[in-house]
Amino acid sequence: MGVMQIVLGPRHRPPLKRPVWIIVLLSLFCMLLISAYVYPRKSYSACYVFSSRGCKALTDWLPPMPAREYTDEEIASRVVIKEILSMPPTQSRNPKLAFMFLTRGSLPFEKLWHKFFHGHEGRFSVYVHASKEKPVHVSRYFLNQDIHSEKDFVVWGKISMVDAEKRLLANALNDPDNQHFVLLSDSCVPLYKFDYVYNYLIYTNISYIDSFEDPGPHGNGRFSEHMLPEIEMRDFRKGAQWFSVKRQHALIVMADNLYYSKFRDYCKPGFDGRNCIADEHYIPTFFSMIDPGGIANWSVTHVDWSEAKWHPKSYRAQDVTYELLKDITSIDTSVHVTSDERKERQVRPCLWNGVQRPCYLFARKFYPEALDNLMLLFSNYPTI
């Protein structure tokens, strides 16, 4: 009986359903994430195709970047800063506010400030840094309080503005009773009586430094890679120069040379094709890096940028009314607007020791002609 041979043919299987389009999309998405991680982004507009939160929503998915090694200069700087931050606040039997005026010459509102200071002798100090001409004083509180410098005139937009701020701080720190330091311009006026301002600042637990992240051309667009590795673009901040700082932070400003030198050398008008303004970026960036929890991220000095021009709104004599001052003193939220195409509004409550309160103690950009109206209104200033 012969052997029957059975020849088995190939088995037929149903074709696999390969979701090629899903694989392609996943590959593209992975490539996008890798590119965002490896290459610094130049524009934020593409990020909003994938998320309304922009690039931050994408980078939230990424693993944290590995920590880099600090330079010798950074290690030394951080040791000093850490030591100062860990020091207990200086105890004074007579804590004072230091009012530091950064001006071109004479102060147009010196009579108003005289009225503000009157009756509170021993609770404040006054310092005047005039950059162009020797001021003529009309108040005894300002006599012999001028700070002299052999350096060049203070120039807007250049590091000389920061140098003047540090010069004021250095002189004010000589008095151990000065516990809080307020930087003011010649166009600044007080919005409250002295007692309210004194209690607001002396009994606060933070410094009022304006600082926010602006991804637009007037923010991160001014960053220079020459600041690396100590300062990265993600660290870069913007804010108004008119700060109010506690003594601990004033000492840190004076102790810093590393971060200051980065802004001195690489943040100036026209450098690398950018118009970086040192006084708008150094202090906000520095404190956002070294003590972000110790600053308010807003200034106690009001300025109105609502007209969206190169300079803030200025107030003429006819603009100065009780209603204007009431409107400013009723503001209890801080608003920043980014300079990119989205014009994002960043709104945060103004918190004083954890309690929401009015943001502003001072206001600026008043014309000298407004003095008489301000003097008349001062007796009706809020005394909350």
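Because the structure is predicted, anything quoted here is derived from the model rather than measured.
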Side chain to side chain contact (heavy atoms under 4.5 Å, CB included) between V154 and H129: does it pass, once the steps are laid out?
-> CA-CA 10 Å; V154 175; H129 187 295; 3.8 Å; yes

Begin with the C-alpha distance, continue with both residues' side-chain angles, and end with the deciding distance and a verdict on side chain to side chain contact (heavy atoms under 4.5 Å, CB included) for F263 and I231.
-> CA-CA 10 Å; F263 286 88; I231 302 172; 3.5 Å; yes

Evaluate side chain to side chain contact (heavy atoms under 4.5 Å, CB included) for Q356 paired with T333, printing each intermediate quantity in order.
-> CA-CA 8 Å; Q356 188 165 0; T333 57; 3.7 Å; yes

Full working for side-chain hydrogen bond (donor to acceptor under 3.5 Å, both in side chains) between D256 and Y282 = CA-CA 11 Å; D256 173 55; Y282 166 54; 2.6 Å; yes

M254 vs L173, side chain to side chain contact (heavy atoms under 4.5 Å, CB included): CA-CA, chis, key distance, verdict | CA-CA 10 Å; M254 299 310 303; L173 282 166; 3.6 Å; yes

Would you please test E121 and Y141 for side-chain hydrogen bond (donor to acceptor under 3.5 Å, both in side chains) and show each step?
-> CA-CA 9 Å; E121 292 79 358; Y141 301 126; 2.4 Å; yes

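Taken to the nearest 0.5 Å, the SG atom of C188 stands 9.5 Å off from the NZ atom of K365. Taking CD from E74 and CG from L258, the interatomic distance works out to 6.0 Å, rounded to the nearest 0.5 Å. Between the CG atom in L251 and the CG atom in L169 there is a gap of 9.0 Å [rounded to 0.5 Å]. Interatomic distance, SG of C267 versus CG of D279, reported as 8.5 Å (0.5 Å rounding). The distance from atom CG of N373 to atom CZ of R316, rounded to the nearest 0.5 Å, is 13.0 Å. For the atom pair S185 OG and F366 CZ, the distance stands at 10.5 Å (nearest 0.5 Å).
In this structure, the side chain of N94 engages the main chain of G122 through a donor-acceptor pair within 3.5 Å. For the pair D272 (side chain) and R274 (backbone), a donor-acceptor distance under 3.5 Å is absent. Using modelled atom types, one side-chain atom of Q248 and one backbone atom of M87 make a donor-acceptor pair closer than 3.5 Å. With hydrogens and angles ignored, the 3.5 Å screen pairs a side-chain donor or acceptor of N353 with a backbone N or O of Y203. Judged by distance alone, the side chain of Q346 and the main-chain N or O of D214 form no donor-acceptor pair under 3.5 Å. Panel note: side chain T204, backbone L201; no donor-acceptor pair is recorded below 3.5 Å. When atom types are taken as modelled, the side chain of D186 and the backbone of P108 share no donor-acceptor pair closer than 3.5 angstrom. Put simply, the side chain of N275 gets close to the backbone of G270: a donor and an acceptor are under 3.5 Å apart.
Ring centroid separation for the pair F287 and H249 comes in under the 6.0 Å cut-off. Ring to ring, F362 and W242 are not that close: their centroids are 6.0 angstrom or more apart. Side-chain rings of F101 and F142 approach one another, their centers coming within less than 6.0 Å.
Remark: K115 is not positioned above the aromatic ring of F194, lacking an NZ or CZ atom under 6.0 angstrom from the ring centre and at most 45 degrees off the axis.
Using the six-membered ring where Trp is involved, H302 and Y360 have ring planes that are perpendicular, over 60° apart on the 30 and 60° scheme. Taking the six-membered ring where tryptophan is involved, the planes of F117 and F124 are essentially parallel, since the angle between them stays under 30° and well short of 60°.
I295 is listed as a side-chain neighbour of S211, based on a closest heavy-atom distance under 4.5 Å. Within the 4.5 Å cutoff, side-chain heavy atoms of H137 are placed close to those of V128. In this structure, F286 and I252 have side chains that are in contact, with non-hydrogen atoms separated by less than 4.5 Å. For the pair Q241 and I283, the minimum side-chain heavy-atom distance is 4.5 Å or more. At a threshold of 4.5 Å between non-hydrogen side-chain atoms, the residues F181 and L183 do not count as touching. Side-chain atoms of N199 and Y192, non-hydrogen and from C-beta on, never get closer than 4.5 Å to each other. Between V155 and S160, some side-chain heavy-atom pair lies under the 4.5 Å cut-off. M100 is listed as a side-chain neighbour of F243, based on a closest heavy-atom distance under 4.5 Å.
Within 6.0 Å of NZ on K82 lie no more than 12 heavy atoms contributed by other residues, nucleotides or ligands. The environment of Q318 atom CD is dense: over 12 non-hydrogen atoms of other residues, nucleotides or ligands sit within 6.0 angstrom.
Shown here for E110 and V136, the closest heavy-atom pair between the two residues is OE1-O, 4.2 Å. Across every non-hydrogen atom of M289 and Y259, the tightest pair is CE-CE2, 3.8 Å. Contact detail for H218 and H281: the closest heavy-atom pair is O-CE1, 3.8 Å. The two residues I277 and R222 make their nearest non-hydrogen contact at CG1-NH1, 3.8 Å. Of all heavy-atom pairs spanning C359 and S334, the tightest one is SG-N, 4.1 Å. Nearest heavy-atom pair across P217 and S339 is CD-O, 3.1 Å.
Partner of K262 under the salt bridge (Lys or Arg N to Asp or Glu O under 4.0 Å) criterion, chosen from E73, E232, E230: E230. Here the options are K111, H114, H118, the test is side-chain hydrogen bond (donor to acceptor under 3.5 Å, both in side chains), and the partner is S139; only H114 passes. Shown are P215, C276, S224, P284; of these, the side-chain contact (heavy atoms from CB on, under 4.5 Å) with F236 is made only by C276.
Classification of R123 and D195 as a salt-bridged pair holds, one side-chain N sitting under 4.0 Å from a carboxylate O. Salt bridge present: K134 and D146 bring a charged side-chain N and a carboxylate O closer than 4.0 Å.
Using modelled atom types, one finds a donor on one side chain and an acceptor on the other under 3.5 Å when comparing Y127 with N178.
By the rule that hydrophobic residues join a cluster once side-chain heavy atoms approach within less than 4.5 Å of another member, W113 and M375 end up as members of one cluster. In the hydrophobic clustering of ILVMFWY residues, with side-chain heavy atoms under 4.5 Å counting as a link, L143 and L107 come out apart. Both Y200 and L97 are part of a single hydrophobic cluster, where members link through side-chain heavy atoms under 4.5 Å apart. V138 and F378 are assigned to two separate hydrophobic clusters, defined by single-linkage of ILVMFWY side chains at heavy-atom distances under 4.5 Å. Neither L351 nor Y196 shares a network with the other; the hydrophobic side chains, linked directly or stepwise wherever heavy atoms of I, L, V, M, F, W or Y lie under 4.5 Å apart, form separate groups for each.
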